[in-house]
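See below for the structure under consideration.
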Amino acid sequence: SLWSAQQAGLQTMLKPQVWPWNSWTGEIAMQSDEDWAIFFDRYFRWIRHYAIMGEMYGADVLCVGVEFSKATLQRPDDWRRMIQRLRPIFSGKITYAANWGDEFEQCKFWDAVDYIGINCYYPLTKKDKPNQKDLDRGFSEILDKVEIAAKTAQKEVLFTEIGFRSVERTWQNPHAEADDRVTDFEAQEMCY
């Protein structure tokens, strides 16, 4: 629980997440400015509930969205306005969890949050049988992208998600479902 984490001296983040049926939040897009206005009005009403809850329970950080790739790249000013409306409600720090790749690298509203957030599932290598140096080099290249974003925005970065499944070739596509790939704990361990 939040309280238990705080008692253990941990920082806490409330990260509510929208899960569309048979889709991904990154695909959410509207057809008109009017539709976008409705979307942001309703989304604000939803996230406001969590801002109040985070304030009541003393969360250190509120994550105001997760991987809304099209919505963030197309409507950065709407995100800025929404974040400004949340500030009087939530007194802690605010972040947004961008999807790895274009959304993270091209986000235009990092100035509105306290921390840059990344759901980091970049591939480490395309090789079928990499060695540890290949994986280390791949992660070093990812860290270069993260550092560029941090320096550009002059903000600290939170890894809001990162991970590798315990399946073969997990380094090639860390976010992908396991599907029919064979269980491979060693591959997962190498990536970590």
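Small disclaimer: the values here were computed from a predicted structure and weren't measured.
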Among pairs that include at least one residue of residues 146-169, which meet ring pair (Phe, Tyr, Trp, His ring centres under 6.0 Å), considering only residues two or more places apart or in two chains? Phe164-Tyr192
Shortest non-hydrogen contact from Thr12 toward Gly58: OG1-O, 4.1 Å
Measuring from atom OG1 of Thr95 to atom NZ of Lys15, what distance do you get when rounded to the nearest 0.5 angstrom? 10.0 Å
Residue Gln132 excluded, over 12 heavy atoms near CD under 6.0 Å: yes
Go through the steps for Arg75 and Met30 under the test side-chain contact (heavy atoms from CB on, under 4.5 Å), then give the verdict. CA-CA 10 Å; Arg75 309 298 288 201; Met30 302 298 129; over 6 Å; no
Considering all heavy atoms of both residues, which atom of Glu67 and which atom of Glu161 are nearest to each other, and what is their separation? OE2-OE1, 4.5 Å
With clusters defined by side-chain heavy atoms of hydrophobic residues (ILVMFWY) lying less than 4.5 Å apart, directly or transitively, does Val18 cluster with Met82? yes
Please report the closest heavy-atom contact between Lys70 and Ala29, naming both atoms and the distance. CD-CB, 4.0 Å
Is the count of non-hydrogen atoms from other residues, nucleotides or ligands lying under 6.0 Å from Glu105 atom CD greater than 12? yes
Strictly below 4.0 Å, N to O, side chains only: are Lys129 and Asp134 in salt-bridge contact? no
State plainly whether the residues Arg81 and Asp77 are in salt-bridge range, i.e. N to O under 4.0 Å. no
Does CD in Gln17 sit with more than 12 non-hydrogen atoms of other residues, nucleotides or ligands closer than 6.0 Å? yes
Any idea how Tyr43 and Trp46 line up, ring-wise: parallel (<30°), tilted (30 to 60°), or perpendicular (>60°)? tilted
Exactly one of Leu158, Val146, Val157 clears side chain to side chain contact (heavy atoms under 4.5 Å, CB included) with Ile116, and that residue is Val157
Just checking, is any N or O donor in the side chain of Asp60 or Gln6 under 3.5 Å from an acceptor N or O on the other one? no
With sequence neighbours excluded, what pairs up with Lys108 under the salt bridge (charged side-chain N to carboxylate O under 4.0 Å, His left out) test? none
Is the ring pair Tyr122/Phe104 parallel, tilted or perpendicular, if the boundaries are 30 and 60 degrees? perpendicular
When you check the side-chain N and O atoms of Thr170 and Gln188, is any donor under 3.5 Å from an acceptor? no
Show the nearest heavy-atom pair for residues Thr25 and Pro20, with the distance to one decimal. CG2-CD, 3.6 Å
Do Ile38 and Ile28 belong to the same hydrophobic cluster, where Ile, Leu, Val, Met, Phe, Trp and Tyr are linked whenever their side-chain heavy atoms lie under 4.5 Å apart, directly or via other members? no
Got a donor-acceptor contact below 3.5 angstrom from the Trp79 side chain to the Val64 backbone? no
Are there over 12 heavy-atom neighbours, none belonging to Arg87, within less than 6.0 Å of that residue's CZ? yes
Would a single hydrophobic cluster contain both Tyr50 and Ile94, if residues Ile, Leu, Val, Met, Phe, Trp and Tyr are joined by side-chain heavy-atom contacts under 4.5 Å? yes
How close do Asp111 and Lys155 get, counting heavy atoms only, and between which atoms? O-NZ, 3.4 Å
Gln31 atom CD: more than 12 heavy-atom contacts under 6.0 Å: no
CD/Glu168 to CG/Asp180 distance, rounded to the nearest 0.5 angstrom? 8.0 Å
Looking only at heavy atoms, what is the nearest atom pair of Phe90 and Gly54, with distance? CE1-C, 3.7 Å
